[in-house]
Amino acid sequence: MCNTRSRMQFIDELNDSQRAAVAYNDGPLLVIAGAGSGKTRVLTYKIAYLLTQGVPAGHILALTFTNKAAREMKQRIVRLVGDEVARYLWMGTFHSMCARILRAEAEHIGFTRDFTIYDQADQKSLVKKIVREFQLDDKIYKSGVVLARISAAKAGFLSPEAYAANDAYAKADRMERLYRMASVYAEYNRRLRAANAMDFDDLLMYTVLLLKSNPDVCRRYQERFWHVLVDEYQDTNHTQYLIVRLLAEPQNHVCVVGDDAQSIYSFRGATIENILNFQNGYTGARLFKLERNYRSTQNIVNAANSLIHKNKGQIYKQVYSEKEAGERLHLTGYSSDREESSAVARQILGLHRLNRRDYEDIAILYRTNAQSRSLEDEMRKLGIPYRIYGSLSFYQRKEIKDAIAYFRIAVNSSDNEALERIITIDRHHKIGATTLRRVLDAAVREGVTMMQVMQSPQAYVSEVSPAFQRRLVAFADDMQQYRLKVQELNAFEFAQFVMNQSGLMADAATDTTAEGVDRKQNLEELLSSIRQFVETRTEQGEEAAITDFIHEVSLLTDQDDNLDDTTSRITLMTVHSAKGLEFPVVFIVGLEENLFPSPFCQSESEMEEERRLLYVAITRAEQECFLTYASSRWKNGQLNFSNPSRFLKDIDRQYLQQLSAPSTQPSPWIDSPIINSSIHQSSIHQSSIINPSAAPRSLKPTTGAKPKTAQQDIVTDWKQGDRIDHKVFGQGTVQRVYRENDNDKIEILFDTKGTKTLLLAYAKLTKL
């Protein structure tokens with residue numbers, strides 16, 4: 001419990017802009033927080049300030065996008081005002097808070113409080129069944145495509161009926177030959193409801209339906225939440241907008257914090273208009289801007305500003321830094337993606353060995369996951385430890401999902417997806433795929449659950465032999481025993497019972513392979529986590545049943561995972577994954593047209609989002625930022641030529657240090673301090689920026705650059721004067737064939753494309 005003096009002091013820790021945003025609580029307010037400006041700090045202090053002003057914790061609702069963000073904010077608030085004051089805050093992700101509301105109010109919309117939350121694997125399995133039963137082409141109706149359509153519809157608060165009547169979706173479906181998409185969506189929703197289950201999008205959509213269709217329930221929650229606060233508001237979709245709107249009315253004590261310049265999730269349904277139009281949507285709304293960046297040097301901040309100011313759709317702000325000026329952003333062009341990856345890896349090794357940079361201080365960001373392959377190859381060659389951010393999380397591992405399937409069916413016998421998973425791995429009752437298919441078909445045909453069929457197989461699947469009918473009944477009886485135990489035991493006791501009775505732990509223990517040992521350790525860790533869950537909930541005076549644990553696990557996201565490996569490693573990730581993170585040194589690779597920006601950009605708004613994406617990438621850097629591009633890159637088994645990204649021209653040149661591509665030979669990068677001298681004294685020829693079509697061949701060192709590498713003529717089948725044909729550049733005449741940096745190159749004067757220098761090994765030329 002904090003004293004009055006400490007309560008009054010913590011607000012003085014803020015700068016003037018932050019303090020003004022925290023202290024204003026007389027109506028709706030929008031806090032536009034530039035990158036690194038202390039957004040989380042403001043939201044945290046605002047909640048703490050409300051608590052010290054006498055607002056009870058139970059009357060404050062704070063919505064975040066990750067469980068990690070919610071945990072960190074709660075911990076900070078506790079440090080400011082004490083656990084006794086902050087204990088009953090409603091704080092968590094949109095999904096977890098909606099799940100909490102729905103658990104209490106599910107009967108109002110036709111569900112029970114023990115409804116299951118389907119994860120992605122469950123959703124895909126269900127879609128595949130529907131596609132098969134509808135006799136549709138699964139190469140067209142891919143589960144990922146179908147679920148993306150359904151998710152987008154739910155993010156826009158479109159029911160199956162509204163989806164079917166929507167012209168835009170109908171047109172898009174026709175273009176992709178998804179003529180029965182609306183019917184698949186309707187059947188998918190029907191199956192979920194029949195299984196007493198929801199997917200993640202349903203948690204939001206059903207909350208809106210609950211509040212809209214039950215005025216008394218809505219009024220009760222509006223009276224409960226005196227203040228509604230939202231983090232990362234630029235990432236909200238239309239359904240989330242409706243949730244905030246409904247819960248905040250009529251007093252509209254709503255505070256949203258975010259940065260329109262970091263709105264990069266439209267593919268998930270995020271609507272930047274929510275933040276851009278906030279002041280128009282809430283009468284009397286106040287705008288506060290946080291413009292001081294505490295993260296990055298002045299050059300990094302200024303470069304990012306010069307880039308993002310090219311966007312038309314934005315709430316203008318002038319972010320600034322009071323840190324040192326720092327180094328300019330380093331820009332280098334390479335002839336190929338392989339050369340780019342090799343140079344980046346060697347530069348990182350140089351930074352580590354010569355500049356004493358910890359590997360964990362360095363991140364490599366790229367636009368697409370596919371770009372990691374060549375980078376990983378080079379990291380392995382040089383023995384540089386790395387991790388791909390967003391790897392398979394603990395709760396997505398097979399043995400963990402198997403165990404949780406038993407937990408799920410014990411609390412919700414209607415959960416067909418969990419039931420199928422159990423039958424597939426169950427070794428005791430020996431129910432085969434054919435019998436399982438008949439059970440499922442009967443359940444769909446009769447409109448009952450699979451468990452009901454198994455409890456009375458003679459009534460539903462008479463074609464199954466008596467022996468198999470007995471197996472079905474025995475399985476159903478065992479599942480009923482689990483269900484009875486749920487009522488008697490807490491989550492940990494129940495999990496132990498299931499592990500022993502199901503044979504999951506015994507099966508893992510008898511497998512002495514490395515994989516078997518790993519499975520056993522994972523199951524043991526699951527039990528440890530459940531024990532900790534029970535102890536924590538018990539200490540907080542809350543229920544600790546297995547149902548509660550299942551819901552908590554279902555709401556975990558990949559971004560919330562913690563790495564157990566403490567080895568210092570380079571981090572490789574997509575720019576989308578990097579949002580919210582920061583590193584002393586950042587490499588942004590692949591800055592080329594048709595890669596960054598993406599080739600899928602079809603409109604100006606999409607191009608502006610791509611520019612925001614690069615803004616996010618640059619502002620992850622604290623001290624140094626390296627930008628690279630390649631003039632050729634392998635895609636789909638073909639060598640493609642490309643130009644530098646148009647966004648490079650958007651960055652004011654005074655914040656760029658343009659470097660020539662250094663040698664990829666080991667000595668200057670690993671064994672010599674030349675990395676510290678020559679790299680900062682050379683520059684790219686200005687034309688590489690002024691004219692983005694200029695190839696790295698035009699890059700020339702300026703005064704102080706290291707000597708040009710030696711070139712020597714070589715003997716090949718090609719000679720000066722040969723006429724050739726190239727698939728991309730057409731016909732031309734060979735000017736020279738030579739070796740440089742251990743690469744054989746051919747210089748060709750093309751009839752219509754000018755002079756090009758190609759790597760001989762990849763040129764694919766035809767002699768005329």
Side-chain angles (χ1 to χ4, degrees), residues 30 32-33 35 63-66 93-95 120 144-158 162-163 166-169 171-173 175-176 199-201 204-205 230-244 256-278 280-281 304 307-308 310-315 365-369 390 557-559 573-580 594-620 645-647 650:
L30 166 63
I32 291 295
L63 298 168
T64 67
F65 273 84
T66 67
T93 65
F94 272 92
H95 293 90
Q120 192 173 45
V145 172
V146 171
L147 287 171
R149 280 283 205 282
I150 293 173
S151 182
K154 291 182 177 181
F157 196 66
L158 289 177
Y163 180 94
N166 187 284
D167 291 338
Y169 278 104
K171 181 180 179 181
D173 290 343
M175 289 180 64
E176 297 190 29
D199 63 22
F200 279 87
D201 295 307
L204 307 182
M205 196 163 184
V230 187
D231 191 17
E232 304 286 8
Y233 192 67
Q234 77 280 347
D235 294 336
T236 55
N237 59 38
H238 183 62
T239 304
Q240 289 164 329
Y241 162 81
L242 292 174
I243 291 170
V244 174
V256 301
V257 181
D259 183 4
D260 56 292
Q262 297 186 65
S263 179
I264 60 174
Y265 294 123
S266 65
F267 66 95
R268 295 181 185 171
T271 307
I272 191 174
E273 287 73 20
N274 287 351
I275 194 167
L276 295 180
N277 298 331
F278 181 85
N280 295 329
L307 170 73
I308 201 62
K310 302 300 189 297
N311 272 7
K312 296 178 182 178
Q314 63 174 297
I315 298 173
L365 310 183
Y366 36 78
R367 180 64 181 83
T368 67
N369 277 305
T557 63
D558 288 342
Q559 287 84 354
M573 69 179 94
T574 64
V575 181
H576 281 101
S577 298
K579 186 171 176 294
N594 293 319
L595 182 57
F596 203 161
S598 166
F600 301 110
C601 287
Q602 301 296 321
S603 66
E604 183 60 30
S605 64
E606 290 172 333
M607 191 61 69
E608 291 205 348
E609 179 161 334
E610 288 289 303
R611 189 177 284 109
R612 293 194 295 269
L613 191 59
L614 181 55
Y615 174 84
V616 167
I618 292 172
T619 55
R620 299 311 94 197
S645 170
R646 70 187 69 188
F647 296 149
D650 291 340

### Query
Should the heavy atoms of other residues, nucleotides or ligands under 6.0 Å from CG of D167 be counted, would the total exceed 12?
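Atom CG in D167 is not crowded, with 12 or fewer foreign heavy atoms closer than 6.0 Å.
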### Exceeds 12 heavy-atom contacts within 6.0 angstrom, atom CD of Q120
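Incorrect, the count does not exceed 12.
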Donor-acceptor pair, side chain of [X] and main chain of [Y], under 3.5 angstrom:
X: S577; Y: M573; result: no
X: E609; Y: S266; result: yes
X: Q314; Y: I308; result: yes
X: N311; Y: G313; result: no

### Task
Mind telling me whether H576 and Y265 have parallel, tilted or perpendicular rings, with 30° and 60° as the class edges?
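Geometry flag for H576 against Y265: tilted rings.
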How long is the straight-line distance from [atom2] of [Y] back to [atom1] of [X], given to the nearest 0.5 Å?
X: L204; Y: H238; atom1: CG; atom2: NE2; result: 12.5 Å
X: K579; Y: L613; atom1: NZ; atom2: CG; result: 11.0 Å
X: Y241; Y: F278; atom1: OH; atom2: CZ; result: 9.5 Å
X: N274; Y: S263; atom1: CG; atom2: OG; result: 9.0 Å
X: T239; Y: K154; atom1: OG1; atom2: NZ; result: 10.0 Å
X: R611; Y: M607; atom1: CZ; atom2: CE; result: 7.5 Å

### Task
Determine, step by step, whether T236 and V256 satisfy the side chain to side chain contact (heavy atoms under 4.5 Å, CB included) criterion, reporting the C-alpha distance in whole Å, the side-chain angles of both residues, the deciding distance to 0.1 Å, and the verdict.
CA-CA 11 Å; T236 55; V256 301; over 6 Å; no
Below 4.5 Å, heavy atoms only, C-beta onward: do [X] and [Y] meet side chain to side chain?
X: F596; Y: T368; result: no
X: T574; Y: R367; result: no
X: V257; Y: Y233; result: no
X: D231; Y: F65; result: no
X: R612; Y: I272; result: yes
X: E176; Y: V145; result: yes
X: L158; Y: Y169; result: yes
X: I275; Y: I32; result: yes

### Message
I'd like to know if K312 and E604 make a salt bridge, using a cut-off of under 4.0 Å between side-chain N and carboxylate O.
### Response
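The answer is no: the pair does not qualify as a salt bridge.
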### Query
Would K310 and E608 pass as an ion pair if we require N to O under 4.0 Å?
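No salt bridge links K310 with E608.
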### Message
Show every salt bridge (Lys or Arg N to Asp or Glu O under 4.0 Å) that has at least one partner inside residues 258-267, sequence neighbours left out.
### Response
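For residues 258-267: D259-K317, D260-K317.
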### Query
Mind checking what makes side chain to side chain donor-acceptor pair (under 3.5 Å) contact with S598, not counting sequence neighbours?
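Here no residue qualifies.
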### Query
Can you list the residues that meet the side chain to side chain donor-acceptor pair (under 3.5 Å) rule with D173, with sequence neighbours excluded?
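D173: side chain to side chain donor-acceptor pair (under 3.5 Å) contacts with R149, Y163.
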### Residue pair E610 / C601: nearest heavy atoms and the distance that separates them
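Residues E610 and C601, closest heavy atoms: CG-SG, 3.2 Å.
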### Query
Among side-chain atoms of N237 and T271, is any donor-acceptor pair under 3.5 angstrom?
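Not at all, the side chains of N237 and T271 share no donor-acceptor pair under 3.5 Å.
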